[in-house]
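Have a look at the structure below, then the notes.
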2 protein chains.
Amino acid sequence: MGATKTEHFTDKQNQIAILAKALGHPARIAIIEYLMKVDTCICGDIVDKLPLAQPTVSQHLKELKNAGLIKGSIEGNSICYCIDEKAMKKLQSYFAGIFVNLEKKKSNCC
Amino acid sequence: MGATKTEHFTDKQNQIAILAKALGHPARIAIIEYLMKVDTCICGDIVDKLPLAQPTVSQHLKELKNAGLIKGSIEGNSICYCIDEKAMKKLQSYFAGIFVNLEKKKSNCC
DNA sequence: AATCTTTATCGTAATATTGCAATCTGAAAA
DNA sequence: TTTTCAGATTGCAATATTACGATAAAGATT
């Protein structure tokens, strides 16, 4: 054991979980926030902005990329990373949906 | 190593990461979705709805509770869990903010 | 070509997560 | 009070994550 039993859940549940998991680390939140702030997404100085060693940052970038939250394109010698809007929209609308639902039953217990 | 270096990040970044991490498992997404669907939050049959053993479900509930996403109150013999709107709102507005920001700079690279 | 710069990958150690059987706790029912 | 029932906790095995030094890969610069 130790492995998540993904086969027992719906595709959508797994998809959202993958996205949420990828954001479940402060370094990766920091990366996303940095990518948002920077206009030109000439990245690579991400490493300089984070308090982590270069291989660690590279690994976090890989995880964000695997989850589909960012995409990178080769820019000469270096690499240009930026946020993938589609994935971000998926998360945004998921939570918006939950929130609307909660408002509706503006209830009750606990 | 192996432990997240939370001290290097802002409180807000850590907070969002904690919430996201708690949702980073399909079983916990399924729990949240079930709690949303059920009107009366008389819970406890969550175990029956999930393809996991009772101790495992109990652990997932604990993690959601620790993150602040759900709250539980003792209801006689059993326990009544439900979603904590405040935490959900925090996530919702965070992603909404990101999304607005991305729309604004409807740009450019990658 | 030799070197530099940028990013990825490998290997490894420390720690965390996932999952469950067994067991405990505490309230309700008998 | 004994039994029963709902949940939590413990203990453990399997696996995943986090972090980084060392090194590799590949384009840029000299």
Side-chain angles (χ1 to χ4, degrees), chain A residues 1-9 13-14 17-31 34-35 40-67 69-82 110, chain B residues 1-9 13-14 17-31 34-35 41-67 70-82 110:
Chain A
M1 297 102 216
T4 298
K5 289 182 144 186
T6 54
E7 38 341 323
H8 295 312
F9 301 97
Q13 286 168 341
N14 282 311
I18 285 171
L19 292 175
K21 188 174 187 177
L23 293 176
H25 192 290
R28 295 194 289 265
I29 292 288
I31 289 173
Y34 178 71
L35 287 181
T40 65
C41 68
I42 298 155
C43 315
D45 32 25
I46 299 175
V47 172
D48 301 332
K49 303 294 177 187
L50 290 190
L52 296 169
Q54 181 268 322
T56 309
V57 174
S58 187
Q59 200 174 304
H60 283 307
L61 286 168
K62 190 178 174 185
E63 269 164 75
L64 285 170
K65 202 168 151 197
N66 284 343
L69 280 160
I70 64 174
K71 45 192 174 173
S73 58
I74 298 168
E75 194 81 12
N77 193 8
S78 55
I79 290 188
C80 162
Y81 279 112
C82 57
C110 296
Chain B
M1 297 104 215
T4 297
K5 289 182 143 187
T6 54
E7 30 354 316
H8 296 311
F9 301 96
Q13 286 169 342
N14 282 312
I18 285 171
L19 292 175
K21 188 174 187 178
L23 292 177
H25 191 291
R28 295 195 288 265
I29 292 288
I31 288 173
Y34 179 71
L35 287 180
C41 67
I42 298 155
C43 317
D45 34 19
I46 299 175
V47 173
D48 301 332
K49 304 295 176 187
L50 292 189
L52 295 169
Q54 181 267 323
T56 309
V57 173
S58 187
Q59 200 175 306
H60 284 305
L61 286 167
K62 191 179 174 184
E63 269 165 75
L64 285 170
K65 202 168 152 196
N66 284 343
I70 64 174
K71 45 191 175 172
S73 57
I74 297 168
E75 193 81 12
N77 195 6
S78 56
I79 290 188
C80 162
Y81 279 112
C82 56
C110 299

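Note on naming: letters A, B, ... go to the chains in the order of the sequence lines (proteins, then strands), and numbering restarts at 1 for each one.
- In this structure, L23(B) and L64(B) have side chains that are in contact, with non-hydrogen atoms separated by less than 4.5 Å.
- Taking atom CG on N66(B) and atom C1' on dT18(C), their separation rounds to 16 Å, with Å as the unit.
- With rounding to the nearest 0.5 angstrom, the OG1 atom of T4(B) is 5.0 Å from the NZ atom of K21(B).
- Applying the 4.0 Å criterion to OP1 and OP2 of dT17(C), one finds that H60(B) has every side-chain N and O outside that range.
- If you take CD1 of I46(A) and P of dT6(C), they are 14 Å apart, rounded to a whole angstrom.
- Whole-Å rounding puts the H8(B) NE2 to dA19(D) C1' distance at 11 Å.
- Going from atom CD of E75(A) over to atom P of dA26(D) covers 19 Å, rounded to whole Å.
- dC20(D) atom P lies 11 Å from atom CG of L50(A), rounded to whole Å.
- Under the side-chain contact (heavy atoms from CB on, under 4.5 Å) criterion, V57(A) pairs with I46(A), V47(A), L50(A), L52(A), L61(A), sequence neighbours left out.
- Distance from the side chain of N77(A) is smallest to dT6(C) among dT18(C), dT6(C), dG7(D).
- Evaluation of the side-chain hydrogen bond (donor to acceptor under 3.5 Å, both in side chains) rule for Q59(A) yields no partner, not counting sequence neighbours.
- In this structure, the NZ atom of K49(A) is 14 Å from the P atom of dT7(C), given to the nearest Å.
- Take the nearest nucleotide of DNA chain D for R28(A) and for G76(A): the residue whose nucleotide is more 5' is R28(A).
- To the nearest angstrom, C1' of dT17(C) lies 8 Å from NZ of K21(A).
- Annotation: side chain of K62(A) is not in contact with side chain of K65(A) (no heavy-atom distance under 4.5 Å).
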Below 3.5 Å between N/O atoms, which protein atoms pair up with nucleotides 8-10 of chain C? Just atom names and distances, please.
from: dA8(C); atom 1: OP1; to: Y81(A); atom 2: OH; distance (Å): 2.3
from: dA8(C); atom 1: OP2; to: S58(A); atom 2: OG; distance (Å): 2.8
from: dA8(C); atom 1: N7; to: Q54(A); atom 2: NE2; distance (Å): 2.8
from: dA8(C); atom 1: N6; to: Q54(A); atom 2: OE1; distance (Å): 2.9

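- Here the CD1 atom belonging to I70(B) is positioned 11.5 Å from the NE2 atom belonging to H60(B), to the nearest 0.5 angstrom.
- Here L52(A) lies in heavy-atom contact (under 4.0 Å) with sugar-phosphate atoms only.
- Between P51(B) and V47(A), the residue whose closest nucleotide on DNA chain C is further toward the 5' end is V47(A).
- In this structure, H25(A) NE2 and F9(B) CZ are separated by 6.0 Å, a value rounded to the nearest 0.5 Å.
- For T4(B), whose side chain is taken as the heavy atoms from C-beta onward, the closest listed nucleotide among dT18(D), dT15(C), dT18(C) is dT18(D).
- Between the C1' atom of dT7(C) and the CD1 atom of I74(A) lies a distance of 10 Å, rounded to the nearest Å.
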